[in-house]
Amino acid sequence: MHINSAGIAPSHRTAVLHSVAIVEAVTASDLDLPTPCAGWTVADLLAHMTVQHRGFAASVRG
């Protein structure tokens, strides 16, 4: 299945902007805290989100 990533770009932008507002509240002491994702810390989740956002941006650029 081919997904037209350009068609979902506005929704992705909205999600990223909302996540930025949440991530701005994270402090260094929060990074080792667990998340609802079993085995993931806040630092793990932030790293994963960053990689996924960069990958999506690259796919939109072609």
Side-chain angles (χ1 to χ4, degrees):
M1 172 201 293
H2 174 72
I3 298 174
N4 180 352
S5 55
I8 62 171
S11 295
H12 184 261
R13 175 178 166 71
T14 299
V16 169
L17 292 175
H18 284 290
S19 67
V20 167
I22 294 166
V23 171
E24 284 179 335
V26 174
T27 65
S29 62
D30 295 328
L31 296 177
D32 289 329
L33 295 175
T35 69
C37 302
W40 288 53
T41 64
V42 171
D44 296 330
L45 183 57
L46 291 175
H48 173 74
M49 289 170 59
T50 301
V51 169
Q52 294 303 311
H53 293 316
R54 287 182 178 170
F56 181 82
S59 72
V60 169
R61 287 190 304 270

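None of these values were measured; they are calculated from a predicted model.
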Practice item. Quick one: closest heavy-atom pair of T41 and D32, and the distance? Key: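 Looks like CG2-O, 3.8 Å.
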Point to revise | L46: which of T35, L31, D30 passes side chain to side chain contact (heavy atoms under 4.5 Å, CB included) | key: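 Answer to the side chain to side chain contact (heavy atoms under 4.5 Å, CB included) test with L46 among T35, L31, D30: L31.
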**Study point:** ring-ring contact (aromatic ring centres under 6.0 Å, His included) partners of residues 15-41, not counting sequence neighbours, each pair once
**Key:**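 Of all non-adjacent pairs touching residues 15-41, those that pass ring-ring contact (aromatic ring centres under 6.0 Å, His included) are W40-H48.
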Check your understanding: Can you tell me how far CG of L33 sits from CG of D44, rounded to the nearest 0.5 angstrom?
Key ->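 One finds 11.5 Å between CG of D44 and CG of L33.
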**Study point:** Path from V16 to M49 over hydrophobic side-chain contacts below 4.5 Å
**Key:**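 No.
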